[in-house]
Amino acid sequence: MKHSLLLAALATLLLTYPSRIALAQVSTTSTSVSSPAQFLGYKLGDRFTPHHRLIAYAEQVARQLPGRVKLIPYGQTHEGRQLMVVVVASEANLARLEEIRTNNLKRTGLLEGTPTPAPQPPIAWLSYNVHGNEAVSSEAFMEVLYRLTNTSDTLSRKILNTTVVLLDPGLNPDGHDRYVNWYNQMLGANPDPTPAAREHSEPWPGGRYTHYLFDPNRDWAWQTQENTQQRMVLYQQWMPQLHADFHEMGAESAYYFAPSAKPYHQDITPYQRQFQQTIGQYSSRAFDKNGWLYYTRERYDLFYPSYGDTYPTYNGAIGMTFEQGGGGRAGLAFQKDDGDTLTLRQRIDHHYTSGIATLESVADRPAEIVKEFGQFFDKARNTPIGAYKSYVIKANGDAGRIRALQQLLDRNKISYGYAGKAQTAAGAFNYSTQKTEKNMAVAAEDMVISAYQPKSTLLKILFEPNSALEDSATYDITAWSLPYAYGLQTYGLTTRLNPVNDAPTPPVAPVAPANAYAYLIRWQSLPAVKTLTALMKQNVRVRVAEKPFEVEGKSYPYGTLIVTRTGNEHFGDRLGALVNQTATANGAAYTPVKTGFVTTGSDFGSGSVSGLRAPKVGLVTGEGTPPPSAGEVWHFFDQTLNYPITLLDGSTLGNLAWTKLDVLILPSNFNYSRILPEKTLTALREWIRAGGKLIAMERAASFLAGKDGFDLKEKSGDGDKADKVRRSNVADSLRVYADRERSALSDETPGSIYRVNMDTTHPLGFGLTGGYYSLVLNAYNFDFLKDGWNVGYLKNDNYVAGFSGKNVKGKLKNTLLMGVQTMGRGSVVYLADDPLFRGFWYNGQLLFSNAVFMVN
Ligand SMILES: [Zn+2]
């Protein structure tokens, strides 16, 4: 069937594209490139191909056609799988590939210099299989690659003569192979299309996510994940004019391509909007010809900036998503509700066809695309969009927090500098108060970001205090403003302020005298946390000041870490060097002091200065947990803190040796009623009373609310309403974590920002003195704790940004978000939201660290 389709398509193409194609640039001799079937030993669609075989096929093609195919390896996954991009171009273009790349960058302004006068072909980048179990994509990659290498094919010649094509065979090979290996183990002699067959039910955690169970298609802007970081280095070097992202959705759905659904972000340009239509025209023409079903303008919008379609769009490109019906559930064959059987072969045909149609749309107007792209960056540099033409950010003595933001800006190629001299800015929007200040004092050392730069559109969108929604029914978070995420005092200026490049002279790091009485580290942001965990791992005894104090003329806030010689005698004279080396390696400042005799506050020997113990931490994972809810915690401990965490399967909690744990983290999970039956709950309570610390997040907190011994309650008097909220919460989370499915719920808060009333004198609030803004994903409607500590809560008017449904706004008033209950010798920390959500809410990492290390 496929064969005749191809022939028919070829005949049409030959009619559509007669001799006007310039043939001089490519050789017309037939190549001896192996087809996927010849190389793999089976026809595409007969089985799923593991990642290393995809790579091997690309390598084979590159060997057979070195003049037109080039491989660019760009990294390795956590599990050791190769990441690479396959470049396909005409011989002439491949020979001058580096010139094309640098010329393109020079036109954006991201690289200095004048481009050579040679014509610039557009760069089209096609990304496959970002979600590992949407495994058809990588199969389609092989077919697209093979088609493009066929020089006797008119359309392929046309594409390569006009366009440089970059193909990424698989963005998430760890997830892909998790799915493929599992599926192949389930498979008998023939695929079983019966929906109930076990080959259609992936076990937890499924192949969608990365090794650390992150959703890689929510990470384009934040780049918290190693796979993304490695890929984005390459992306910033190429800056394509077009990026297409290939996905799958539910097996009952047909096929989706652009134009996207509303809302579009308001800053998407007219040309980018128009090209959404163009993609629709080219794709629909190809699908109509084959009689295939599809839909457009529904479900997949262009708003949240960290997707494979929006991120490229905010970087000047034409970005789009393709969605095939199928996914992990579909296997090789799947019987749909209408009785038809969906096969892998059909899914490959669809993705292959839309990929080629996309490249054709570029090949038909290369000069126009390059010109529009150039204009996007001209405008970005000279007349940037948005009300704010510069941003001023105060370090407030916390270099670690500033450095974290700078790292994110570096990864996105957003440039920044410093004010250089003290001055006054008129009309500065203060992010904290959300008011405009007439005169704002800029200090020389303040960080300054000017909007007059190539990446100003991305800058504007990542910093906008409130993102305007055209339509409230978006399926993902609707607010992400970086000043709130990082908890940094930020001002938006309507005037231009040119930064100077030189960083203010950094304070000279103290040389730790070996005989200091103690070493002090302010508890401010992640560098302090990392220093603490690194010291703990080296068996250094660390104390914490539960109150502010002043010593040797300097004041120190709540939560300051104190490393005294006493208690660390076994290090002898090496203690100073050890603290120096550990703090410096983790980017934290520290101060040696000669005395523990404070001028205000408590002396270091006081009962208010308590010793911290390196806790043994466990995390519940497994069936029922949205994989990212567990993955975010796992990744934070493993990769950010480099501190051990034991992953437990929820189903084994009944047999757990509780005494071996100090801290147990319960992430969101749908199955708590099953994994915490009364008997296990009793063991859990006994463990807490004996000194254990339980951290209950989101649905875990909701599950414990009202249970015997747990003080948390859902607000009384609205039993029915509370039930409704609970049900809508379930649906909310399905919408957030499922593959871009969105619900039609009216009472939702799809990730909006609220200013939290924070008790920063409580250990859970230590270091959050600059204000804490929470990304609120659920409206749990918890009552204030009667006996415990209401550390973070919302009063009447805490809404800041993002979409919050009318009903939800009411529930997010006078409600508890973070609380601590003492139970016997132990404690329970309730977190209604996930401070580690997608790993990008920087300030949340400090809050979560407080829960683990500070709360006693
Ligand atoms: Zn997907």
Side-chain angles (χ1 to χ4, degrees), residues 48 51 77 125-141 167-180 183 202 205-222 225 227-228 231 243-258 260-261 283 294-296 298-313 319-331 334 342 344 347-348 350-352 354-355 358 474-477 626-628 631 733-743 838:
F48 287 107
H51 183 74
T77 66
W125 183 316
L126 274 51
S127 285
Y128 292 96
N129 224 162
V130 63
H131 291 140
N133 61 358
E134 297 166 10
V136 62
S137 302
S138 293
E139 309 292 331
F141 149 78
L167 306 172
D168 190 328
L171 280 71
N172 176 14
D174 291 349
H176 173 265
D177 278 6
R178 192 183 312 135
Y179 173 73
V180 169
Y183 182 82
E202 269 186 284
R208 174 183 175 89
Y209 303 100
T210 61
H211 173 82
Y212 278 107
L213 308 180
F214 268 67
D215 185 331
N217 196 37
R218 304 293 185 273
D219 195 41
W220 280 74
W222 322 129
Q225 299 303 294
N227 287 11
T228 319
R231 186 179 73 253
H243 181 263
D245 206 22
F246 291 87
H247 289 258
E248 285 190 272
M249 54 187 164
E252 296 294 340
S253 301
Y255 196 93
Y256 161 85
F257 46 75
S260 290
S283 302
Y294 56 86
Y295 68 88
T296 64
E298 286 174 44
R299 197 185 299 175
Y300 303 102
D301 63 54
L302 292 174
F303 195 64
Y304 171 77
S306 212
Y307 287 133
D309 50 15
T310 47
Y311 184 87
T313 302
M320 75 210 68
T321 291
F322 291 101
E323 296 272 355
Q324 163 65 43
R329 187 153 159 72
F334 182 79
L342 174 69
L344 178 62
R347 289 149 64 199
I348 296 172
H350 301 164
H351 262 353
Y352 160 76
S354 61
T358 300
T474 189
Y475 55 86
D476 209 303
I477 64 169
S733 284
L734 283 172
R735 174 183 44 68
V736 170
Y737 291 115
D739 186 15
R740 291 185 153 215
E741 302 281 352
R742 67 175 174 171
S743 64
R838 292 181 188 165

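Ligands are counted one by one from 1 in listed order, and the atoms in each one are counted from 1 as well.
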Open item on the list: Rounded to the nearest 0.5 Å, what separates atom CE in Met320 from atom CG in Asp245?
Closed with: 10.0 Å
Task: Presence of salt bridge, Asp215 and Arg208, under 4.0 angstrom - done: yes
Task: Member of Phe322, Trp220, Tyr311 meeting the ring-ring contact (aromatic ring centres under 6.0 Å, His included) criterion with His243 - done: Trp220
Open item on the list: Nearest 10°: the angle subtended at the Zn ion (ligand 1) by Glu134 OE2 and His247 ND1?
Closed with: 150°
- [ ] State whether Glu248 contributes an N/O/S atom found under 2.8 Å from the Zn ion (ligand 1).
- [x] no
- [ ] Could you tell me how the ring of Tyr295 sits relative to the ring of Tyr300: parallel (under 30°), tilted (30 to 60°) or perpendicular (over 60°)?
- [x] parallel
Open item on the list: Among the N, O or S atoms of His131, which one sits nearest to the Zn ion (ligand 1)?
Closed with: ND1
